[in-house]
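Since the structure comes first, as structure tokens, the remarks are kept for the end.
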Amino acid sequence: TVSADGTILFSNRGFQRLVTWPMDEIVGARFDRFLAPGHSLDVGHLVERALVERYDAEVVLLTSEAAAAPVSVLPYETDRIVEICATIDD
């Protein structure tokens with residue numbers, strides 16, 4: 001779960017395995033910390049667009065070993081809370 005300012009509020013073990021960072025360094029960090037150079041994601045804009053229409057983004061995450069992991073980022077609304085789901089592209 002990512003706040004509108006890009007702070008990671010919750011992470012599951014799948015994301016932790018993907019980025020290969022310790023969980024205590026993920027929660028509380030900004031999402032853009034895990035984006036590969038040249039990639040950016042305006043989480044606030046993503047959330048605003050998602051409230052109006054289906055909208056997703058493609059980004060590349062960087063692991064702690066500097067490996068690239070392409071993912072799709074899709075916000076969705078549940079109980080008036082917008083959450084972000086990142087899925088691995090293959």
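- For the atom pair CZ of Phe34 and CG of Leu18, the computed distance is 10.5 Å after rounding to the nearest 0.5 Å.
- How far CG of Asn12 is from CZ of Arg17: 7.5 Å, rounded to the nearest 0.5 Å.
- Taking CG of Leu9 as the reference point, atom CD1 of Ile26 lies at 13.5 Å (rounded to 0.5 Å).
- How far CZ of Phe10 is from CE of Met23: 7.0 Å, rounded to the nearest 0.5 Å.
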